[in-house]
Amino acid sequence: LLEGKPLNLKKYTYIMMNKPAGVLSAARDARQETVLDLLPPELKRRGLFPAGRLDRDTEGLLLITDDGDFAHRMLAPKSHVYKLYEAELDLPATQEDVRAFAAGVELSDRICLPAELRLLDATRVQVQICEGKFHQVKRMVAACGKEVVDLERISMGPLTLDPTLPLGEWRRLHPSELKSLEDFGVPL
């Protein structure tokens, strides 16, 4: 109790953010706005960082935490925590592209793990990956002869971006979301 009120101390902080385009997925940068700059002063404390990155021009679900072990479990390919993206392409995607993703797209420096490409309409697709390499979705699409025009991450494992969360806004993960992570096999 502090001044007659119960304290709710939590060992770690888990935040969902709807990252806007133009903001860096970094803890700090001297020249550009970062996702931590979008948080209120009381949360801008040492140790908070984005669990994974989204390209500067990519929007959507970003987790921010101070729990390094949790971040590692969410991001390590061997944990099989899939990330789901929606993308708008400059050209229509094909069944050949779907097969290429399923086989593992070959890039100049590596072969990606198998991924799922779902055709939503002619130029709108969903991409599900369990890796998160540098510009991976964009590079995989480019290897198929197309370009990503717009990209948004909509889920990570059991967590789905809250559709009521405006771009640039954040909220703490709900207890049910924390439980869904535990049930999924990502212990907190």
Looking at every non-hydrogen atom in both residues, tell me the closest pair between L119 and A93 and how far apart they are. CD2-CB, 3.3 Å
Does some side-chain heavy atom of V23 sit less than 4.5 Å from a side-chain heavy atom of V35? yes
Nearest heavy-atom neighbours spanning L107 and C112: CD1-SG, 3.5 Å
Tell me if the CZ atom of R110 is crowded by more than 12 foreign heavy atoms within 6.0 Å. yes
Cluster check L117, L84: I/L/V/M/F/W/Y, side chain < 4.5 angstrom: no
Would L159 end up clustered with L75 when hydrophobic side chains under 4.5 Å apart are linked, directly or stepwise? yes
Tell me the closest heavy-atom pair linking L167 and P20, and the distance in Å. CD2-CA, 3.8 Å
I'd like to know if the side chain of S155 and the backbone of T160 have a donor-acceptor N/O pair within less than 3.5 Å. no
Reported CG-to-CG distance for the pair L91 and D97, which is rounded to 0.5 angstrom: 9.5 Å
Qualifying residue for side chain to side chain contact (heavy atoms under 4.5 Å, CB included) with V105, from M140, Q136, R139: M140
L36-M17 co-clustered via ILVMFWY side chain contacts under 4.5 Å: yes
Are T58 and E152 close enough that some pair of their side-chain heavy atoms sits under 4.5 Å apart? no
K19 with D57: basic N within carboxylate O range, under 4.0 Å: no
Is T123 close to E88 at the side-chain level, that is, under 4.5 Å between some pair of heavy atoms? yes
Apply the test side chain to side chain contact (heavy atoms under 4.5 Å, CB included) to residues R124 and D121: give CA-CA distance (whole Å), side-chain angles for both, the deciding distance (0.1 Å), then the verdict. CA-CA 5 Å; R124 193 120 186 108; D121 63 35; 3.1 Å; yes
Pair F70-Y12, ring-ring contact (aromatic ring centres under 6.0 Å, His included): steps then yes or no: CA-CA 10 Å; F70 163 76; Y12 295 112; 9.0 Å; no
A side-chain contact here means heavy atoms from C-beta on lying under 4.5 Å apart; do L24 and E33 qualify? no
R56 side-chain N/O to G22 backbone N/O, donor-acceptor pair under 3.5 Å: no
Check whether K133 reaches the backbone of E131 with its side chain - one donor and one acceptor, N or O, closer than 3.5 Å. no
Is it possible for you to say whether V148 and I154 belong to one hydrophobic cluster, with membership spreading through side-chain heavy-atom contacts below 4.5 Å? no
Name all residues meeting the side-chain contact (heavy atoms from CB on, under 4.5 Å) criterion together with P175; count only those two or more places apart in sequence or in a different chain, and write none if there are none. none
Looking at K11 and D66, is there a salt bridge between them, counting it only when a charged N and a carboxylate O are closer than 4.0 Å? no
Taking every heavy atom of A51 against every heavy atom of A71, the minimum-distance pair comes out as CB-CB, 3.8 Å
Could you walk me through whether V81 and R73 pass the side chain to side chain contact (heavy atoms under 4.5 Å, CB included) check? CA-CA 8 Å; V81 177; R73 287 188 297 275; over 6 Å; no
Quick check: is L48 connected to L178 through a chain of hydrophobic side chains (ILVMFWY, heavy atoms under 4.5 Å apart)? no
In a table with atom names and distances, give each donor-acceptor pair under 3.5 Å that connects a side chain of residues 180-188 to protein atoms at least two apart or in another chain.
unit_1 : atom_1 : unit_2 : atom_2 : d
S180   : OG     : E177   : O      : 2.7
E182   : OE2    : L188   : N      : 2.9
D183   : OD1    : K179   : NZ     : 3.1
D183   : OD2    : K179   : NZ     : 2.9

Is any side-chain heavy atom of L63 closer than 4.5 Å to one of M156? yes
Looking at Y14, is its backbone amide N or carbonyl O close enough to the side chain of T65 to form a donor-acceptor pair, meaning the two atoms are under 3.5 Å apart? no
Do Q32 and D29 come within less than 4.5 Å of each other through their side chains, counting heavy atoms only? yes
If we only count heavy atoms from C-beta on, is the I15 to L173 side-chain gap below 4.5 Å? no
Minimal non-hydrogen separation, P114 against A102, with atom names: CB-O, 3.1 Å
Sorted by chain and residue number, the salt bridge (Lys or Arg N to Asp or Glu O under 4.0 Å) partners of D67 (sequence neighbours excluded) come out as none
State, with a plain yes or no, whether a side-chain heavy atom of I129 is found less than 4.5 Å away from one of V137. yes
Write down the atom of E59, the atom of A21, and the distance for their closest heavy-atom approach. CG-N, 3.4 Å
